[in-house]
Amino acid sequence: MADSEPQRPCGRLAPSPTGYLHLGNARSFLLAWLQMRNMGGRIILRIEDLDTQRAAPNAAEQIVRDLRWLGLDWDNQLTSDYFQSNRFPLYQQALATLQERGLLYPCFCSRKELRSIASAPHGADGPIYPGTCRQLTHAQQQQRSQEKSPAFRFKVCPGTVVEQHDEVAGLQREELGQTTGDFIVARADGVVSYQLAVVVDDIAMGVTHVLRGDDLLGSAPRQILLHRTFGATPPSFAHVPLMLGDDGVRLAKRHGAVALRELRESGVAAQQLIGWLAWSCGMIDRPEPTTATELISEFSLRTIPREATRLDASALSFFASR
Ligand code: GLU
């Protein structure tokens with residue numbers, strides 16, 4: 001591509017195959033898809049089965065089925081290259097690059113030890129790592145490696161601040177030393193962290209736009225830092241509010257028939273669901289049946305609610321009455 005040629009926008013749908021897609025996933029995916037189709041961009045489907053232990057059997061097939069039912073498509077062939085479980089060599093290369101640049105160190109702390117750092121302040125994702133293993137000498141590292149295999153942490157330089165304008169959540173500013181500290185990029189069992197894998201993949205796949213649920217807002221600064229470390233321009237981020245159950249808690253099975261599969265099997269039409277989701281995002285005035293394609297021209301980040309949507313009894317009965 002010539003330097004002067006602007007990069008074509010590219011977004012992604014990045015489900016983890018740990019269970020069936022539910023209404024909340026459907027809304028985030030619909031929005032990510034609409035954002036790209038509205039911009040004339042590409043959209044990639046990538047299955048994030050990094051943690052093979054947690055991957056549910058056939059979950060990827062089920063996800064594909066749910067997405068097709070919703071009327072969402074993607075521009076890649078879903079070959080093995082788009083499953084994170086097949087991309088480990090690439091992640092190992094990225095780890096080696098960071099290692100060569102002196103940006104990693106082995107961490108031998110056990111979960112128990114980490115939990116016992118009771119006095120350590122907590123950030124969004126748990127206690128801030130106090131840097132215990134950063135101080136180990138090479139000889140101490142060698143000696144401890146004989147007893148157990150270490151995890152690897154990315155060194156956050158003191159005072160590192162990541163500032164970004166999230167297209168939905170607004171201006172975000174985070175000093176990583178105050179929120180996470182040095183963070184894990186590879187676990188002791190050798191599996192790379194979600195943070196690293198997602199950055200390696202987004203760079204390799206030319207992703208320019210990430211639209212996803214705001215449960216991942218706290219991950220963006222670490223990901224932006226990794227993008228910059230690899231010399232890549234971070235994508236533009238849009239973190240959209242989640243859908244919650246009527247008790248204000250993240251959607252789960254106990255909230256009733258919220259899995260797309262259940263809705264489909266109980267006779268809800270995809271158009272009804274799409275219409276309801278679009279209405280819940282302020283794209284249309286009434287929850288009338290429509291298709292994802294019909295919404296492309298209606299899409300705007302501005303109408304997306306800034307607060308989580310509660311899936312209350314009236315919403316559930318809306319589906320039940322179809
Ligand atoms: N696979 C992650 C999830 O399902 C999403 C990762 C991302 O969008 O960065 O929660």
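FYI, side chains are in, hydrogens and waters are out, and symmetry mates aren't considered; it's all heavy atoms of this structure. Each ligand, and each atom within it, is numbered from 1 in the order the structure gives.
Within the structure, salt bridge (charged side-chain N to carboxylate O under 4.0 Å, His left out) pairs that include any residue of residues 167-178 comprise E163-R173 (at least two apart or interchain).
Near ligand 1, R12, A14, S16, E48, Y194, V198, R212, L216 each place a heavy atom less than 4.0 angstrom from the ligand.
Linking Ile, Leu, Val, Met, Phe, Trp and Tyr whenever their side-chain heavy atoms come within less than 4.5 Å puts L216 and L50 in one cluster.
With sequence neighbours left out, H22 forms a ring pair (Phe, Tyr, Trp, His ring centres under 6.0 Å) with no residue at all. Under the side chain to side chain donor-acceptor pair (under 3.5 Å) criterion, R46 pairs with E48, D202, sequence neighbours left out.
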Exercise for review: Check the pair T233, H227 against side chain to side chain contact (heavy atoms under 4.5 Å, CB included), reporting the backbone distance first and the verdict last.
Suggested key: CA-CA 6 Å; T233 306; H227 271 280; over 6 Å; no

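Across all their heavy atoms, I304 and P241 have their closest contact at CG2-CD, 4.1 Å.
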